[in-house]
Number of protein chains: 2
Amino acid sequence: MQGPRTVAEQVANVLREAIANGTIKAGTPLRQDELAEQFGFSRMPIRDALRQLEAEGIVSIHPTKGAQVARMDSAEISEIYALRELLESEALRLSVPSLAAAKLDEAEQVLDQIDAERNVGRWGALNKGFHLALYDACGNHRLLGLIEAHHNAADRYVRILLSNLDYRNRSQTEHRDLLAACRRRDGDKATSILRQHLREGSETLVSAIKEDGLSRKS
Amino acid sequence: MQGPRTVAEQVANVLREAIANGTIKAGTPLRQDELAEQFGFSRMPIRDALRQLEAEGIVSIHPTKGAQVARMDSAEISEIYALRELLESEALRLSVPSLAAAKLDEAEQVLDQIDAERNVGRWGALNKGFHLALYDACGNHRLLGLIEAHHNAADRYVRILLSNLDYRNRSQTEHRDLLAACRRRDGDKATSILRQHLREGSETLVSAIKEDGLSRKS
DNA sequence: TTGTGGATATAAGTATGCCTGTATACGCAC
DNA sequence: GTGCGTATACAGGCATACTTATATCCACAA
């Protein structure tokens, strides 16, 4: 496993992380020459990075108007969560029967890390890690890719969600229930818990966004 | 509805079309300066176009090795069809209850066009048009986007499929059955037909690819 | 005073040129 | 004869410079 080979990839990774953990807020304009000066490179690799992030749905680019961190209204959040429910429940269903014990243990360790982690910015990535570990044996690489893409697109909003202590505790309880069902190889129960888990997340997030007024577009 | 605003978009559209209808075969290396000369532009917009197509899964780019039309083995075709089944049956289920009569008529016209069309290269696009018309009222833009992306990624293989007259007749019969079920607002029957339709397509395509040896990687 | 048109400024799109990395081939040494 | 190392060539990444399009502001006219 080697690191990013091009400047564009490095820039994309830094920007993705900064957007995911909230350092760069939604709606922030991302000017090419501004970023070029900050990173110490020319505009070309920054352009490549922005287009990469656009493909991931994290930034939106309008020709001649430039790029900005993609704003999401509550409708888009709902869409993403509906897709996550569809994609992840299918991945879980496929994965559970042949999931290796090592992956189950790995998932459990991630849950412990979430409990121990005090840095808000890490929660999104850990949450993603837990979920993906359970889907590892689904046998469909493209499906896993889509799931990861949707996690990345919504990570910065999930972070808002997890900042709420009540939700975080409830979420972790559901995570452990989900893991237990996977250990019992009870695919039906597991997908049922997952769907419920995602529905709660969606509802909590949508109401949080509506009242915080984060949904207004530029 | 205005056309592509940048050269990169135009180039991407032309290449996508050429790859989809088989003018450019799988595995063909896509050199930047070569394409730049052919199109009469510099390498920059061609680079952008190639990255766009890479994000769509149509070409694969390796740093320093360049871009080539993505090769797909039978396993990847199976993955794409499994995803299509998942995504499209969900979209259909959501769409059928509120599908406008105009869209149903539009879908029927596309079916007639498929029967009348003699140009092999157009079948893939028409097939896509029929399916997307039925999903139009699903209410989830991202879901529609994913479905279209998977059609684009597999279009050039679907073309192979539709070149088989037997399959094409069977496919059209299933299309009309599917449309009839939609007109009756029978969502369960419609999704059932769709799943069967896609399974047949997948099996036919996988066996065709295996025997034609199109699956070997470079 | 308001609306429209033109000019200017700003930022992205595009072109060209250079540099770096990788792959392949050839030669030398073991 | 084979294997490894070096050199050369080719292709893409990156930088710099130029063009184009759009948005905003000011001026002039109605």
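Chain naming here is simple, since letters A, B, ... match the order of the sequence lines and numbering starts at 1 in each.
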With B:Ala100 via side-chain contact (heavy atoms from CB on, under 4.5 Å) - residues at least two apart: none
Once side-chain hydrogen bond (donor to acceptor under 3.5 Å, both in side chains) is applied, do any residues pair with A:Arg168, and if so which ones, sequence neighbours excluded? none
Could you pull out all residues at least two apart from A:His151 that satisfy side-chain hydrogen bond (donor to acceptor under 3.5 Å, both in side chains)?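 For A:His151 the side-chain hydrogen bond (donor to acceptor under 3.5 Å, both in side chains) partners, ignoring immediate neighbours, are A:Arg84, A:Glu88.
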Are any non-hydrogen side-chain atoms of A:Glu106 and A:Asp136 less than 4.5 angstrom apart? no
Nucleotide pairing, DNA chain C (Watson-Crick or G-U, distances under 3.5 Å), in dot-bracket with [ ] and |: ||||||||||||||||||||||||||||||
Please list, chain by chain and in numerical order, all residues satisfying ring pair (Phe, Tyr, Trp, His ring centres under 6.0 Å) with A:Phe130, sequence neighbours excluded.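 By the ring pair (Phe, Tyr, Trp, His ring centres under 6.0 Å) rule, A:Phe130 matches A:His175.
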Shorter than 3.5 Å, N or O on both sides, protein versus nucleotides 8-14 of chain D: list them out with atom names.
unit_1: D:dG13; atom_1: OP1; unit_2: B:Arg51; atom_2: NH2; d: 3.4
unit_1: D:dG13; atom_1: OP2; unit_2: B:Gln32; atom_2: NE2; d: 3.2
unit_1: D:dG13; atom_1: OP2; unit_2: B:Arg47; atom_2: NH1; d: 2.2
unit_1: D:dG13; atom_1: N7; unit_2: B:Arg43; atom_2: NH2; d: 3.0
unit_1: D:dG13; atom_1: O6; unit_2: B:Arg43; atom_2: NH1; d: 3.3
unit_1: D:dG13; atom_1: O6; unit_2: B:Arg43; atom_2: NH2; d: 3.3
unit_1: D:dC14; atom_1: OP1; unit_2: A:Val7; atom_2: N; d: 2.6

Point-to-point distance, once rounded to the nearest 0.5 Å, from CD1 of A:Ile58 to CG of A:Leu15: 9.5 Å
If the threshold is 4.0 Å, N to carboxylate O, is there a salt bridge linking A:Arg71 and A:Glu76? no
